[in-house]
K.L.:
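Starting off with a structure, shown below.
Just so we're clear, the structure is a prediction, and the values are computed from it rather than from any experiment. Naming: A, B, ... by sequence-line order, numbering from 1 per chain.
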There are 2 protein chains.
Amino acid sequence: MASPTPSANAFTQHDHAHCADTTLHKAEAVAAEKGVRLTPVRKRALEILLEEHRAMGAYEVLDRLAADGFGNQPPVAYRALEFLVENGLAHRVRRLNAFAACMRPGEEHAPVFLICRDCGEVAEAGADEVRQALLGAADRLGFHVERATVEALGLCPKCYQEAAQ
Amino acid sequence: MASPTPSANAFTQHDHAHCADTTLHKAEAVAAEKGVRLTPVRKRALEILLEEHRAMGAYEVLDRLAADGFGNQPPVAYRALEFLVENGLAHRVRRLNAFAACMRPGEEHAPVFLICRDCGEVAEAGADEVRQALLGAADRLGFHVERATVEALGLCPKCYQEAAQ
DNA sequence: GCAGAAATGTGATAAGGTAACATATCCGTG
DNA sequence: CACGGATATGTTACCTTATCACATTTCTGC
Ligand SMILES: [Zn+2]
Ligand SMILES: [Zn+2]
Ligand SMILES: [Zn+2]
Ligand SMILES: [Zn+2]
């Protein structure tokens, strides 16, 4: 099946236009397969999130959507974002009260976010071991995990190097 | 040194009055040792958080503080809570936009929160392996972690059993 | 074509969080 | 003790984030 491209992440220099385009097409395929409708607002919201590897606040997305002729009230953005999150096409980044496009739509994954506090880039790391460790810790207390939030704040490679100088 | 009491956690039946009292005293000791002032508002805020093993919103804490004769404006609560968080006496639970008393003040620990979606109880699990796994995953992308948020939403043992019937 | 379901537009409002500044308290020093 | 800087508190105002409720439109299966 569609193999992950482990080398392409937010912190690696890459052809992002292609990266975004590929991800959008994957998302469309996922939506089609799930039988859910990636309507114009929803698709546009996803495109906006995909423009950069960072998280955007709902109101920032809303402004962009409004500029494109969609409604300009909060529910417009929140509904589109909610749809994307529910269908695994975007994630919510709690620490930032913001949303980021999912870089691996359709792939089963427990998202781990690495958030650069300097440049704001957000990378989605696959980290099954983190999830395993979390499940283990929870299990020892008899807790049944349904959803997990794992987010790290720090410095991306680039900003770390710059800071070291 | 003060040994952790691994058996006492939010999901285990225990003498909570004693649990809260002990934790408050540990917090006082930590504050004294760090040379920071656990003033009346701050102490009261911590007591309020310690009343139950759950997270409280800032405004909920504020109402309680106001009822006790402290100010009734948001900064009153936010400042007290910020102090507690900065000094490791409380944690912020991002998924809930809320705060919870730290159950191991003074102990070095990477907090992992287990949040029951049914009864609202919040347990703080020690989970160094989770942190290790996260650091490992971050390192592979060249990311330098400074702070991490790890929170799981699900069902506590009690609520899981009840749901199974 | 038509009925029900799904999606969108819009106004209103709740909930969470911060900036700024005046006042009061604490605490080391002379 | 007194005074001056640092720390903490009170209070006003405001900003950001998020949700509710309800009317209108668009889609989909029949
Ligand atoms: Zn890219
Ligand atoms: Zn960076
Ligand atoms: Zn307890
Ligand atoms: Zn429970």
K.L.:
Given atom CG of B/Leu62 and atom P of D/dG10, what is their separation to the nearest angstrom?
P.N.:
11 Å
K.L.:
With sequence neighbours excluded, what pairs up with A/Tyr59 under the ring-ring contact (aromatic ring centres under 6.0 Å, His included) test?
P.N.:
none
K.L.:
A/Arg95 CZ to D/dT17 C1': how many Å, rounded?
P.N.:
18 Å
K.L.:
Taking only residues two or more places apart in sequence or in another chain, which ones pass ring-ring contact (aromatic ring centres under 6.0 Å, His included) with B/Phe113?
P.N.:
B/His91
K.L.:
I'd like to check the ring-ring contact (aromatic ring centres under 6.0 Å, His included) partners of A/Phe83; sequence neighbours left out, ordered by chain and number.
P.N.:
none
K.L.:
For B/Glu146, give me all partners under salt bridge (charged side-chain N to carboxylate O under 4.0 Å, His left out), at least two apart in sequence or on another chain.
P.N.:
A/Arg117
K.L.:
Grab the CG-C1' distance between B/Leu65 and D/dT11 for me, whole Å please.
P.N.:
16 Å
K.L.:
Just jot down the ring-ring contact (aromatic ring centres under 6.0 Å, His included) partners of A/Phe143, sequence neighbours excluded, or say none.
P.N.:
B/Phe11
K.L.:
Through what angle, rounded to 10 degrees, does the axis of the helix from C/dG1-D/dC30 to C/dG30-D/dC1 turn between its ends, using five pairs per end?
P.N.:
30°
K.L.:
Do A/His16 and A/His18 have their ring centres less than 6.0 Å from each other?
P.N.:
no
K.L.:
Quick test of your reading: applying ring pair (Phe, Tyr, Trp, His ring centres under 6.0 Å), list the pairs with at least one residue in residues 25-45 of chain B, sequence neighbours left out, ordered by first then second residue.
P.N.:
none
K.L.:
Suppose we screen for salt bridge (charged side-chain N to carboxylate O under 4.0 Å, His left out). Which residues come up paired with B/Glu162, at least two apart in sequence or across chains?
P.N.:
none
K.L.:
Encode nucleotides 4-21 of chain C as B, S and - characters from 5' to 3', where the letter depends on protein heavy atoms closer than 4.0 Å: B to the base, S only to sugar-phosphate, - to neither.
P.N.:
---SBBBB----BBBBB-
